Structure formats: structure tokens, C-alpha cells
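Contents: one structure, followed by commentary.
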Amino acid sequence: MTGLIAFREIVLKVHSRCDLACDHCYVYEHADQSWRARPKVISPEVISHTASRLAEHARAHALPSVTVILHGGEPLLAGTSRLRLVCEEFTRALDGVAALDLRIHTNGLQLSTRYLDLFAEYGVKVSVSLDGDRAANDRHRRFADGRTSHPLVLAAVDLLRTEPYRHLYQGLLCTVDIANDPVAVLDALVELAPPRVDFLLPHATWQTPPVRPDDAPDTYARWLLRVFDHWERRERPVPVRLFDSLFSTLGGGPSLTESLGLAPTDLVVVETDGTLEQVDSLKSAFEGAAATGFNVRDHAFDLVTAHPGVRARQLGLAGVSDTCRRCPVVRSCGGGLYTHRYKADPGDPAGGGNFDHPSVYCTDLRELVDGVAGRTSVRASAPELSDPAALAASQEQLTRDLLALLNDGRTGDPDWDRSWGVLGSVERSGGPGTDALDAVLAHPFTRTWVMACLDAGREGRGDGPEAARRLSALAAAAVLRGGLDLPAEVAYRDGEVYLPTLGLLRLGEPGTDGRAALYATEEGYAVREGGRPEHRFGPAAGDARWQPVRTWSPGQDAAPVALEDLDPHRNCFARPPRLRLGAGEAEEWRERLDGAWALLHASVPDSAREAAAGLTTLTPLAGGPRAGGWGEAGRHGPGALGVPYAAGVAETALALLTGWRRARLQALTEVADLYALDGEWQHPSPWRERPVPVSRLLADVHERVAVEAYRRATASAEPDGTDRINRALDRLSGAAELTSTGIRLVEQLRWELKAVDA
């Protein structure tokens, strides 16, 4: 089945006629009139064939679940006996193959307890079509003789909302008519307490465009935005799938509806005669637009997945027009519903056409997406973008989640389980114990170790006893830092053990492995190994076998920063770390760091304060500075920077600045979605010869805004530095990949640059 998409949803036409005469119906009132030649009611044979084909398809693609939507015309006209047969056949066919999600879309006129009892038996969820209050609904949804249907629909919804059936109530389907009062429409729908509301644009094409009384290209967007504003004022009383879908795509997630977004369509339609067709709305385009030439008697569903019309709707970004590909909101609107893109070719005497065009609602969709984004951008942006404390908390939680994932994959390892139990005891102790555990988990190279273990597991390499050794050291470090009366046994290798955030303890000769018990004392720490007497070590012990982690203070009010040259997992930088610094070397490095920090505070005080608040660890790197003396953010090491040890004061200052900017952006991307579909577009960069993906361009700009500020303050700015950054920011502002949070970040960078210019 390679390369074929699986159908996870089928629309089953159980009755091809309707008891209403809605003048906006795409089945009866638009271009395709094939319904006239089809049987009114689906036959038992077609039901059986369809159920078997769906089970065959689900089995072949190992689908966990499938959805069957009973449709029409009006599906309730099929009667309870035929609908029962549908429920029985599909339940039987899918038993043991895939979970079955049965639904029905109805106008509600025939809905009664005999139908709802049947639906309750088989768990059939019910959606009802209703266009709002009576005035709105009567505009289109009338009987053939002009009578209103509104009271009957309300009675059906009221019945559906009663206690025996309330769990079957799935939502309301509302077709937009700009002649209706959007506020009154929403209020009428909300009054019925639907689990969800679907607002649907009336089907139209470039040949039969939507009604626009004022000839404005954004009429429908303005109507929907009035609904949105009222929905917001009412504090979002019910879910609205159109708006929820926009929230999702603007945040980097998937679309929640076929009419928006770039997700491939996974739906096939089965007509009452067993004909297999594409999505039903295509009937609005031209006669036969939905046809595939296949049927359930003779053809498997996989043949339909290979149909060119179906494949065209699986291409995502490649399936939209060139105009849409260049549009910054294409991830959210997805080019609009496929049907709405159809345009006939005036030069074709046969009246042919294609769907390689923007939607006939193009301007509406652009205004709708921009309108929702503009109204919600501040709330929708990740708090980590503006709140360093929130970023730190999210990073710590991410480490905890990854460590828990690592623990889930390790079963039957007594050494691991013992240390995991100690961590649990530290967590439960509260107070100093919780603070100590937080500090150990916030150590940047804890994450580096966890990710290394997870990568080894995914690649099938295994991590041997190393993972359990590191976990025992992690637990022991938390016990010692918290001064807790808990057993903390560590496993050491090659005669030594590194205790994260504390230091390196030598327990034996090189080449020896063993175990030792560590515990806290009033003076510091102590170790007992086998029958040997207690040995004290730590801050006040003055023991040559103990090498503590050195620290450096970037300022009077700043927390100490670890100068980490011991942790074996500090090799997460692009170049190798220096070995343990001698006492004199460490003091010289502190002096250079002091000078560099003073230079940063004098030139870019805001960036210096930001770095001081988030920087926890510095690692000296081997070799001198590279071009520009730039620092490095460690892979999977939040809060850690690698700085060339041999760099001078000015070079170290620039390394601290650029390294921190890289680390901050990396930390943001790990806990917040700044962009989606990275790499689908390539963007020209003022600093690179070839176009780059949005992630690279954003990283360059994020770093260079701070560098430009530093160079301006130190009289070393490039002549066209600001112009280059502005060109890149302009490109990012129109990038379709950016999420709400990414857009806000670009806005922040633009304000930073304006401050530099000022």
C-alpha cells in the first residue's frame, strides 16, 4: 500500500431524496444532477458490499478506527429498518478490525424516539442542520410549498438534548448567509447548547460565485468576524470548529476541518447505487466532477485512492496554486475548499476547467485568518516568549517528562529501579528536597544525558549500565544538596563518579569499578564504601579526591553560574570541551569573563540582564575563537553555553552574547511552536549565498539583532547591518510557516532593532 493514503472516513448515502427544498443545496440545486438517476434508498446489497470493502481497507492499512457518516438527501427517510441494517452490517464487518465511529447528518424533521433508540443502541452521533434563528433558517430551509421547518427542527434538537439521548448530540451545521444577522444566528445556536457548531461557507466556484450584495470581496469574512467577536464577548460558550481550526493552524497544529488547512483529504463517498465518488461538494463544480468510475461491488477502496482527483487533494502545499503558495496564510486557509477553486477555461470549447486556482473566497479567507490572528495573537502566543520564568519552568518540565519516558522504557533493572525510588523519595520530602531535585534536573547536561539514552534506545544500541550509573549519581546529588537522611548509593566507573551540579569524586584507582554509599552531614558530605571507615568530602573538607564544580558570578544580583569542566556529558557542543582547568587557568578565565560581562553591561545592558537571568552553565571550549569569536549553544543543554577558553575579553563578550541568543532561541523552539512546515519554502538570506528554510533565517535574525546592537555600541557596526536585518525581518513577516508565537517573536525583534536605531 506504499504511497497510497488510507480512507478513514466514508460518507454513505442511505437516501438520495429530501423532505425539504433548500435552495442552496449542493446536491439538488447545483451543476451535478446525477441524483435523478440513482435509487432513492440504498439496497441491502450495497450496504453489505460497502461494509466488507471498508473492513478490507481498514485491515490492509491497520487503521485503528474508521468513521461512517450516514448522509443523503435526508438519511432519516431511509427508515429505521434500513438504518438498523446499516448499523448491524458495519458493526459486524469492523468487529475485531477497527473501532467504528457511526454518525448521521440530518435536517431533523423526522427525528423521533424510534430513531434515537436505534442510534443509542449503536452509538450513532447526530448532527443537525440549522442556520440560526427562525428568520435565518426560513431564508433557505423551507418545505417545497414554502412552509417553515424551524419549529420542527427545534423540537428535534430539544428531543436530542433530553437525558436518554444527550450523549448522541454531536453538534449543529450552519450554512452562512450574509443576509442573516450574525449575532442573532450565534445566539440562536448557542441557546441549543450544541457540543460543537460548524459554520459552512455556501458552495460556490468562479463560474457560480457566492452572493455579494455589496460586491465586496471580503463580505463573508466580515460576517464571520462579527460572529467571532460576539463569540469572544460571550466567552466562547460553545466550540466552533472553524475558529478552533484557525487557532490550531495559527499555533502550528493541524487543521480540524476539510475546508481549511493543508492536511490531505481521507474521505470517500458511497452513493445509494454503490458508486464510489470523491467529496460530495464537487457536485457544485460541474456534472460528473465527483465521479471516479469505481463502485463497491467491483473495486477496492485502494483503487479510489489512486484516482487523480483524489490524489490531487493529498498533495498538501504542492496541491495549491502558485498564488496560494506565496500567501502568508496558506497554512491556515489551505487554499480553501478544493471545490471552491474551480474555474472553467473560457478558451476550451468543451467547457473544461481545473482547480489550480485560489478559492473563490480567497479574500474572505485571508481577511478571516488575519482577523482572528490579530484579535488573539497576544493570548495565543506562548508565555515562554516573554516570561523567562515560564521558559525555565517549561524546560524543567520537559526534562522531567523525558526522564519519565526514559524510565518507562527500562524494566527489570534493579540498579535503575533503586535509584528511581530514591528520586521519588526526594520528590516527596518537599522543602529542601524538592528544591534540590529541581536544581539537579535543571542542570543542562541532565537533559543531554537523557536524550543520549533515548537516542540509543531508538537506534537499538542500548546504553548498558551507563544510564543506571548516571541515575544513581543524579539521585545522590539531589540527596546531598537537600541534606536529606536518605540512602544514596552510587555506582562508579574507572574509580570516579560525577555528581551533577556538585563535582567529581574519586573513589578508587583508575580502571576500578564499584559502589559506595553517600550521605549528607552537618559539615558537608560523606562516603562509606564496603568496610572502609567514613570519608568526608565536600565544600569544607579540603580533600584532593574531590573536585567541586567551580562557579562564577556575572553580577552582584545574579545567581552564580557553573563553570562546568567536569561533566562527561558537556561534549554537546560543536567543538570539543577543554579538559579540567587548573586553578590558575580557572582564575584567569573568571577575570576574562568579568571583563567581558562588564563590556556587555556597558554596551547592551538589556541583553546582559536577560542572559544573567537565564544562563546557568558555562563550559570552556578547546581552541581559540572562530570568526567573530561566537559562542555555542549546547545540543539538548538548556541554559548552557560553550565559550572558547582562549578568547580575549572582547571576543568572550561577543561569544557570551551570541551564545546566549542561540541558547534562548533553541530553548524556545523546544517548548513552543515558532513555525510549522519548516523547509517547505526556501527564503533568500542577506548573509548566505543560497536560500534557507525559515528556521535558519529566524535564527540568523534573532542573533544578529543583538550583535548589531553590540557593534553599534562598540563602534564596530557593519555599514549595511541594519538594512540586512530589516530585509530579513520583512521576509519573515510574510513567511507562511510562522505561528502566532513566531510572528510575535519577529515583532519583538523588529522593536529591538528600532531601539538600536534610536
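Just so you know, these numbers come straight off a predicted model, no measurement behind them.
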Check against side chain to side chain contact (heavy atoms under 4.5 Å, CB included), Met451 and His569: CA-CA 11 Å; Met451 291 304 301; His569 288 278; over 6 Å; no
Hey, does the side chain of [X] reach the backbone of [Y] with a donor-acceptor pair shorter than 3.5 angstrom?
X: Trp597; Y: Pro554; answer: yes
X: Arg545; Y: Glu496; answer: no
X: Thr446; Y: Leu441; answer: no
X: Ser394; Y: Leu391; answer: no
X: Thr399; Y: Gln395; answer: yes
X: Ser255; Y: Ala263; answer: no
X: Asp565; Y: Arg580; answer: no
X: Ser607; Y: Leu657; answer: no
X: Glu632; Y: Ala663; answer: no
X: Glu585; Y: Gly582; answer: yes

Is the ring pair His443/Tyr498 parallel, tilted or perpendicular, if the boundaries are 30 and 60 degrees? tilted
Classify the ring geometry of Phe228 against Phe243: parallel below 30°, tilted from 30° to 60°, perpendicular beyond 60°. perpendicular
So, [X] versus [Y]: side-chain donor-acceptor pair below 3.5 Å or not?
X: Glu703; Y: Thr658; value: no
X: Thr363; Y: Asp218; value: no
X: Arg690; Y: Ser685; value: no
X: Trp449; Y: Asp567; value: no
X: Ser381; Y: Ser740; value: no
X: Glu737; Y: Trp681; value: no
X: Thr741; Y: Glu384; value: no

Once rounded to the nearest 0.5 Å, what's the spacing between atom [atom1] of [X] and atom [atom2] of [Y]?
X: Leu599; Y: Thr652; atom1: CG; atom2: OG1; answer: 10.0 Å
X: Asp678; Y: Ser695; atom1: CG; atom2: OG; answer: 3.5 Å
X: Tyr675; Y: Ile743; atom1: OH; atom2: CD1; answer: 14.5 Å
X: Arg578; Y: Leu621; atom1: CZ; atom2: CG; answer: 10.5 Å
X: Arg326; Y: Ser321; atom1: CZ; atom2: OG; answer: 8.0 Å

Is any side-chain heavy atom of [Y] closer than 4.5 Å to one of [X]?
X: Leu518; Y: Leu499; value: yes
X: Glu670; Y: Arg447; value: yes
X: Leu502; Y: Arg481; value: yes
X: Leu262; Y: Leu677; value: yes
X: Leu505; Y: Tyr525; value: no
X: Leu745; Y: Leu698; value: yes
X: Val649; Y: Glu591; value: no
X: Arg704; Y: Val701; value: no

Is it true that [X] and [Y] have a side-chain N and a carboxylate O under 4.0 angstrom from each other?
X: Asp730; Y: Arg750; answer: yes
X: Arg696; Y: Asp700; answer: yes
X: Arg470; Y: Glu466; answer: no
X: Asp244; Y: Arg236; answer: no
X: Glu232; Y: Arg379; answer: yes

For atom [atom1] of [X], decide whether the heavy atoms of other residues, nucleotides or ligands shown that lie under 6.0 angstrom number more than 12.
X: Arg592; atom1: CZ; result: yes
X: Trp751; atom1: CH2; result: no
X: Arg635; atom1: CZ; result: no

Locate the shortest heavy-atom distance separating [X] from [Y]; write the atom from each residue and the value.
X: Pro644; Y: Arg575; answer: CG-NH2, 3.9 Å
X: Gly334; Y: Val320; answer: O-CG1, 3.6 Å
X: Leu480; Y: Ala520; answer: CD2-N, 3.7 Å
X: Ala640; Y: Pro444; answer: CB-CB, 3.6 Å
X: Ser332; Y: Thr249; answer: OG-OG1, 2.8 Å
X: Val497; Y: Ala473; answer: CG2-CB, 4.0 Å

CA sep, side-chain torsions, deciding dist, call: Arg662, His702, side chain to side chain donor-acceptor pair (under 3.5 Å): CA-CA 8 Å; Arg662 292 175 179 181; His702 186 266; over 6 Å; no
Might you work through the side chain to side chain donor-acceptor pair (under 3.5 Å) test for Thr448 and Arg570, ending with a clear yes or no? CA-CA 8 Å; Thr448 309; Arg570 72 190 187 281; over 6 Å; no
Under the salt bridge (Lys or Arg N to Asp or Glu O under 4.0 Å) rule, what do Asp606 and Arg609 come out as? Steps first, then yes or no, please. CA-CA 5 Å; Asp606 289 343; Arg609 283 191 292 269; 2.4 Å; yes
Would you please test Trp589 and Val643 for side chain to side chain contact (heavy atoms under 4.5 Å, CB included) and show each step? CA-CA 10 Å; Trp589 199 38; Val643 178; 4.1 Å; yes
Could you walk me through whether Gln748 and Ser386 satisfy the side chain to side chain donor-acceptor pair (under 3.5 Å) test, starting with their C-alpha distance in whole Å, then the side-chain angles of each, then the deciding distance to 0.1 Å, before giving a yes or no? CA-CA 9 Å; Gln748 287 182 3; Ser386 304; 3.3 Å; yes
Output, in order, the C-alpha distance, side-chain angles, deciding distance and verdict of salt bridge (Lys or Arg N to Asp or Glu O under 4.0 Å) for Glu587 and Arg590. CA-CA 5 Å; Glu587 192 54 41; Arg590 285 194 185 99; 3.2 Å; yes
Criterion salt bridge (Lys or Arg N to Asp or Glu O under 4.0 Å) on Asp229 and Arg233, from CA distance to verdict: CA-CA 6 Å; Asp229 291 339; Arg233 285 193 296 272; 5.3 Å; no
For the pair Thr619 and Leu563, evaluate side chain to side chain contact (heavy atoms under 4.5 Å, CB included) and give the outcome as yes or no after the intermediate values. CA-CA 6 Å; Thr619 290; Leu563 302 183; over 6 Å; no
